[in-house]
**Student:** 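Just passing along the structure, written as structure tokens.
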Amino acid sequence: MDRARQQQLLLLLPICLALAFSLTAVVSSHWCEGIRRVVKPLCRDQPGGQHCIHFKQDNSSDGRMGNDSQAVLYIWELGDDKFIQRGFHVGLWQSCEESLSGEDEKCRSFQSVVPAEEQGVLWLSIGGEVLDIVLILASAILLGSRVSCCSLGFDWLRVDALVAIFMVLAGLLGMVAHMMYTTIFQITVNLGPEDWKPQTWDYGWSYCLAWGSFALCLAVSVAAMSRFTAARLEFTEQQWAQNGSQPSQHSLPEPEASESIWKTGAAPRLAGHAFRNVSGHLPPGATGKVSIC
């Protein structure tokens, strides 16, 4: 029992780890990370600032600084100097990017930048991720109850089978959801709004956690099914031994006896042979006896 419980605890550990990975990936916003190239704002409120465009405004005819749209602006930054690179990261729920000061972030809903015709696929991806978490949580509860209870029987073996089924379903659902999100993000990069499109991007640590959860789900499923198969065979053998219905070697002829029969050419004597004289039933003139058994 101690050894079996230790094996169950070792199997419960990766399930809890997969659950933690999935939860962290779903609530975080670092599935994809990259850099956006944005135009610097004018240095109206930040005179002498480093992250804004310096300009000089021509005076009006009356000697005062003109504020209308016809005023001439002399901008000194040209080419790439007019742009600034800001880091951004995106998750299932929101997209965040650095502010000009670099101290805080400005976030908005990721659904607001996804093309309208692709938002249904995004919700399917989110639904797959949530169902993945539910299946992993159900597997953890089932295996935890298996560890805490000490009763034996085939009913508890079914728990191992359910854990294997739930974990493989969770892994497959997670894989499909991850691939759907990847497709949605790439479509948004190409067809999304111009004020959001990244210049360069790559997958973040949340994306790696999500695929790590997928790998753990499949590994636990294989291990649980192997344990179920081995325990089922052992339980069946114990049932045969207790009921005396285990197939024995008496149902088959022994090899030594068979070899001796073939060598001597004599048939074995069987108990209950009955010989009967049927000569009285033979036709007239026929001789001989027929013995039957």
Side-chain angles (χ1 to χ4, degrees), residues 11-34 88-97 107-146 158-193 196-198 201-226 228:
L11 192 62
L12 184 61
L13 179 62
I15 294 179
C16 296
L17 193 61
L19 181 61
F21 282 0
S22 295
L23 284 173
T24 305
V26 168
V27 301
S28 62
S29 60
H30 287 267
W31 284 66
C32 297
E33 300 174 348
F88 82 102
H89 53 89
V90 186
L92 292 174
W93 309 100
Q94 60 182 0
S95 172
C96 301
E97 65 180 22
C107 299
R108 57 177 168 175
S109 174
F110 180 60
Q111 186 182 2
S112 63
V113 299
V114 175
E117 60 274 9
E118 303 295 337
Q119 290 186 2
V121 183
L122 175 63
W123 283 112
L124 284 178
S125 174
I126 295 175
E129 297 290 347
V130 173
L131 188 56
D132 173 27
I133 293 175
V134 171
L135 289 174
I136 298 176
L137 181 60
S139 301
I141 293 174
L142 286 174
L143 193 59
S145 62
R146 178 74 172 92
R158 294 176 183 174
V159 172
D160 293 338
L162 286 176
V163 169
I165 294 173
F166 285 172
M167 291 302 290
V168 72
L169 287 177
L172 293 177
L173 279 173
M175 178 188 69
V176 173
H178 305 341
M179 295 176 66
M180 291 172 66
Y181 178 82
T182 304
T183 304
I184 290 300
F185 181 80
Q186 293 176 354
I187 292 176
T188 307
V189 168
N190 295 326
L191 303 178
W196 179 87
K197 287 184 179 180
W201 64 275
D202 201 353
Y203 299 109
W205 56 267
S206 299
Y207 192 78
C208 297
L209 285 181
W211 281 106
S213 176
F214 161 76
L216 287 173
C217 287
L218 293 189
V220 169
S221 176
V222 172
M225 186 56 66
S226 300
F228 168 76

**Student:** Any chance you could measure D132, atom CG, to M175, atom CE, to the nearest 0.5 Å?
**Tutor:** 11.5 Å
**Student:** Kindly give the heavy-atom pair with the smallest separation between L122 and V114, and that separation in Å.
**Tutor:** CD2-CG2, 4.0 Å
**Student:** When you measure from the side chain of Y181 to the backbone N and O of G91, does any donor-acceptor pair fall under 3.5 Å?
**Tutor:** yes
**Student:** Considering all heavy atoms of both residues, which atom of L162 and which atom of L142 are nearest to each other, and what is their separation?
**Tutor:** CB-CD1, 4.1 Å
**Student:** As a quick check of understanding, evaluate side-chain contact (heavy atoms from CB on, under 4.5 Å) for S95 and W196, giving each step before the final call.
**Tutor:** CA-CA 9 Å; S95 172; W196 179 87; 2.9 Å; yes
**Student:** Would you confirm whether S22, through its side chain, and A18, through its main-chain N or O, come within 3.5 Å as a donor-acceptor pair?
**Tutor:** yes
**Student:** Donor-acceptor pair, distance only, cut-off 3.5 Å: does the side chain of W93 make one with the backbone of S29?
**Tutor:** no
**Student:** Working to the nearest 0.5 Å, report the span between CD of E33 and CH2 of W201.
**Tutor:** 12.0 Å
**Student:** Can you see which heavy atom on F185 is nearest to which on V90, and at what distance?
**Tutor:** CE1-CG2, 3.9 Å
**Student:** Set out, in order, the CA-CA distance, both residues' side-chain angles and the distance that settles side-chain contact (heavy atoms from CB on, under 4.5 Å) for L172 and V176, then state yes or no.
**Tutor:** CA-CA 6 Å; L172 293 177; V176 173; 5.7 Å; no
**Student:** Once rounded to the nearest 0.5 Å, what's the spacing between atom CG of L131 and atom CD1 of I136?
**Tutor:** 10.0 Å
**Student:** What's the shortest heavy-atom distance between K197 and N190, and which atoms?
**Tutor:** NZ-O, 3.1 Å
**Student:** Would a distance-only check, ignoring hydrogens and angles, find a side-chain to backbone donor-acceptor pair under 3.5 Å from E118 to T188?
**Tutor:** no
**Student:** Any donor and acceptor pair, going by atom type alone, linking the side chain of S28 with main-chain N or O of A25 inside 3.5 Å?
**Tutor:** yes
**Student:** Is any side-chain heavy atom of F166 less than 4.5 Å from a side-chain heavy atom of V163?
**Tutor:** no
**Student:** Can you tell me how far CD of E129 sits from CG of L92, rounded to the nearest 0.5 angstrom?
**Tutor:** 6.0 Å
**Student:** Does any N or O in the side chain of T183 come within less than 3.5 Å of the main-chain N or O of M179, such that one atom is a donor and the other an acceptor?
**Tutor:** yes
**Student:** Taking all non-hydrogen atoms of both residues into account, name the closest pair between I15 and L11 and its distance.
**Tutor:** CG1-O, 3.5 Å
**Student:** Which of parallel (below 30°), tilted (30 to 60°) and perpendicular (above 60°) describes Y203 and Y207?
**Tutor:** parallel
**Student:** Quick check: closest heavy atoms across V220 and M167, and the distance to 0.1 Å?
**Tutor:** CG1-CG, 3.8 Å
**Student:** Strictly by modelled atom types, are H89 and E97 linked by a side-chain donor-acceptor pair under 3.5 Å?
**Tutor:** no
**Student:** To the closest 0.5 Å, what do you measure between CD (Q186) and CG (L191)?
**Tutor:** 11.5 Å
**Student:** Can you tell me how far apart CD (Q119) and CZ (F110) are? Round to the nearest 0.5 Å.
**Tutor:** 10.0 Å
